[in-house]
Amino acid sequence: MTHQAHAYHMVDPSPWPLTGAISALLLTSGLAVWFHFNSTNLIVLGMAILLLTMYQWWRDIIREGTYQGHHTPSVQKGLRYGMILFITSEVFFFIGFFWAFYHSSLAPTPELGGCWPPSGIHPLNPFEVPLLNTAVLLASGVTVTWAHHSIMEGNRKEASQALLLTVVLGLYFTALQAMEYYEAPFTISDSVYGTTFFVATGFHGLHVIIGSTFLIVCLIRQTMFHFTTKHHFGFEAAAWYWHFVDVVWLFLYISIYWWGS
């Protein structure tokens, strides 16, 4: 082994990209098998491999960045750019849903009764559960910022409390949305209104679950002394992602729940 004369991280060979790809294949094909043949064996196997891959891949990255010192300032800059590009791609992902919604709602076709919401659709009241969910997400944005400032100031106790509060608010949001879906007076097959509503809010709900998982991992790492005042990009990435989820919800609430109703 020659001496490394640069600040970049040459990643060791890893099996986790391959096992991750296998789990993705099993999950998607298992979903199709579940829909058509009512068998969950493949999807359960795919989920098990995915969870094992997640745990072991994240363990390796934590070891490389926290204990082995591979995440130098140059590497951290690259990680920041990667996260910014990822969030940018997510923005365009949601733009597609908003495009579909506004395309259908601004010029409703005769098949929809020439009006929006379409004839026969009874939309949800935007000032009930959706407004509560908006308040919950905005509060979680405050608590995650509180956690960030506490980490930067070296206040471990407050950082842990704020992170725990953020996770609780995220899980509460998910529970409220599940209840809202269960009680909704329309389904995903009820014209383009039902489709755009459930696809847009459903994918946002999925992002909230992913963000909550991200923050739970950060909370575990915080309790294990992985973050310092200067070296905590794992948490910063989670906070950026959470703020993105917050902003998307505000656009969803104003567009679909309030204006669209």
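- Every residue two or more places apart in sequence or in another chain that forms a ring pair (Phe, Tyr, Trp, His ring centres under 6.0 Å) with F203 is listed here: F93, F97.
- The nearest pair of heavy atoms linking H243 to T145 is CE1-OG1, 3.3 Å.
- No continuous path of hydrophobic side-chain contacts links L206 to L51 [ILVMFWY only; heavy atoms under 4.5 Å].
- Summarising the geometry of V192 relative to S104, their closest heavy-atom pair is CG2-OG, 3.3 Å, with the distance given to 0.1 Å.
- Here H148 and F235 bring their ring centres to under 6.0 angstrom of each other.
- Remark: R156 qualifies as a cation-pi partner of F225 under the 6.0 Å distance and 45° angle criteria applied to the six-membered ring.
- Listed by first then second residue, pairs satisfying salt bridge (Lys or Arg N to Asp or Glu O under 4.0 Å) with a partner in residues 66-89 read R80-E236, not counting sequence neighbours.
- The two residues S23 and I49 make their nearest non-hydrogen contact at CB-CG2, 3.8 Å.
- In H231, the NE2 atom is crowded: over 12 heavy atoms of neighbouring residues, nucleotides or ligands sit closer than 6.0 Å.
- Interatomic distance, CD1 of I209 versus OG1 of T174, reported as 5.0 Å (0.5 Å rounding).
- A heavy-atom distance below 4.5 Å is found between the side chains of L50 and M54.
- Few gaps surround CE on M10; more than 12 heavy atoms of other groups in view lie less than 6.0 Å from it.
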| said: Evaluate M47 against L27 for side-chain contact (heavy atoms from CB on, under 4.5 Å), listing each step before the verdict. | reply: CA-CA 7 Å; M47 182 59 73; L27 275 173; 4.2 Å; yes
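- One distance of note links CG of L42 with CZ of F37; it measures 11.5 Å at 0.5 Å rounding.
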| said: Evaluate L31 against T28 for side-chain contact (heavy atoms from CB on, under 4.5 Å), listing each step before the verdict. | reply: CA-CA 5 Å; L31 203 61; T28 49; 5.6 Å; no
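- Side-chain contact between E153 and E158 is absent, with no heavy-atom pair separated by less than 4.5 Å.
- A side-chain donor-acceptor contact under 3.5 Å links Q177 to the backbone of T201.
- Between the side chains of S140 and W242, at least one donor N or O lies within less than 3.5 Å of an accepting N or O.
- L18 is not connected to V11 by any chain of hydrophobic side-chain contacts under 4.5 Å among Ile, Leu, Val, Met, Phe, Trp and Tyr, and they are in different clusters.
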| request: Check step by step if side-chain contact (heavy atoms from CB on, under 4.5 Å) holds for D60 and R63. | output: CA-CA 5 Å; D60 289 356; R63 182 172 61 231; 2.9 Å; yes
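- Side chain to side chain, T187 and S189 meet the donor-acceptor criterion of an N or O pair below 3.5 Å.
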Just distance, no hydrogens or angles: give the donor-acceptor pairs under 3.5 Å from side chains in residues 82-90, sequence neighbours left out.
from : atom 1 : to   : atom 2 : distance (Å)
T88  : OG1    : I84  : O      : 2.8
S89  : OG     : F86  : O      : 2.5
E90  : OE2    : H207 : NE2    : 2.3

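- Nearest heavy-atom pair across L124 and P185 is CD2-CD, 3.8 Å.
- Cluster annotation: Y241 is connected to L164 through the hydrophobic network of ILVMFWY side chains, with a link wherever side-chain heavy atoms come within less than 4.5 Å.
- Between the CG atom in L112 and the OG atom in S105 there is a gap of 10.0 Å [rounded to 0.5 Å].
- A donor-acceptor pair under 3.5 Å is absent between the side-chain atoms of S212 and the main chain of V167, judged by distance alone.
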| request: Before giving the answer on side chain to side chain donor-acceptor pair (under 3.5 Å), spell out for S14 and W57 the whole-Å C-alpha distance, their side-chain angles and the decisive distance to 0.1 Å. | output: CA-CA 9 Å; S14 169; W57 201 343; 5.0 Å; no
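- Hydrophobic clustering (ILVMFWY, side-chain heavy atoms < 4.5 Å, transitive): L176 and L215 are in one cluster.
- In this structure, the side chains of L137 and L169 stay at 4.5 Å or more apart for every pair of heavy atoms.
- For H204 and F173, the distance between ring centers is under 6.0 angstrom.
- A 4.5 Å side-chain heavy-atom check between T213 and I210 finds every atom pair outside the cut-off.
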Using atom types as modelled, flag every donor-acceptor pair under 3.5 Å from a side chain in residues 250-258 to any protein atom, sequence neighbours excluded.
from : atom 1 : to   : atom 2 : distance (Å)
Y253 : OH     : P126 : O      : 2.8
S255 : OG     : Y102 : OH     : 2.6
S255 : OG     : F251 : O      : 2.8
Y257 : OH     : E180 : OE1    : 2.7

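- Scanning all heavy atoms of the two residues, the minimum distance from F214 to G234 falls at CE2-O, 3.8 Å.
- The two residues V75 and H9 have their closest heavy-atom pair at CG2-N, 3.6 Å.
- Residues T40 and I43 form a side-chain contact, since some pair of their non-hydrogen atoms from C-beta on lies under 4.5 Å apart.
- Counted within 6.0 Å of CH2 on W99, heavy atoms from surrounding residues, nucleotides or ligands total 12 or fewer; the atom is thus considered open.
- Two residues are said to be in side-chain contact when any heavy atoms from C-beta on lie closer than 4.5 Å; F227 and C218 meet this criterion.
- Counting only distance, with no hydrogens or angles, the side chain of Q56 and the backbone of L52 share a donor-acceptor pair below 3.5 Å.
- The side-chain heavy atoms of Y8 and T72, taken from C-beta on, include no pair separated by under 4.5 Å.
- More than 12 heavy atoms of other residues, nucleotides or ligands lie within 6.0 Å of CH2 in W146, so this atom counts as buried by the packing criterion.
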| query | So F197 and F186, ring pair (Phe, Tyr, Trp, His ring centres under 6.0 Å) or not? Walk me through it. | reply | CA-CA 10 Å; F197 175 88; F186 53 89; 5.1 Å; yes
| Intermediate values then yes/no, side chain to side chain donor-acceptor pair (under 3.5 Å), T53 and T19 | CA-CA 6 Å; T53 300; T19 59; 3.0 Å; yes
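- Taking hydrophobic clusters as Ile, Leu, Val, Met, Phe, Trp and Tyr residues chained together by side-chain heavy-atom distances below 4.5 Å, F98 shares a cluster with V247.
- Aromatic ring centres of F233 and W240 lie closer together than 6.0 Å.
- Evaluation of the ring pair (Phe, Tyr, Trp, His ring centres under 6.0 Å) rule for H71 yields no partner, not counting sequence neighbours.
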| said: For Q222 and I151: C-alpha separation, side-chain torsions, deciding distance, then whether side-chain contact (heavy atoms from CB on, under 4.5 Å) applies. | reply: CA-CA 9 Å; Q222 171 66 14; I151 289 173; 4.0 Å; yes
Determine all donor-acceptor pairs shorter than 3.5 Å in which one atom belongs to a side chain in residues 113-120; sequence neighbours excluded.
from : atom 1 : to   : atom 2 : distance (Å)
W116 : NE1    : G260 : O      : 3.4

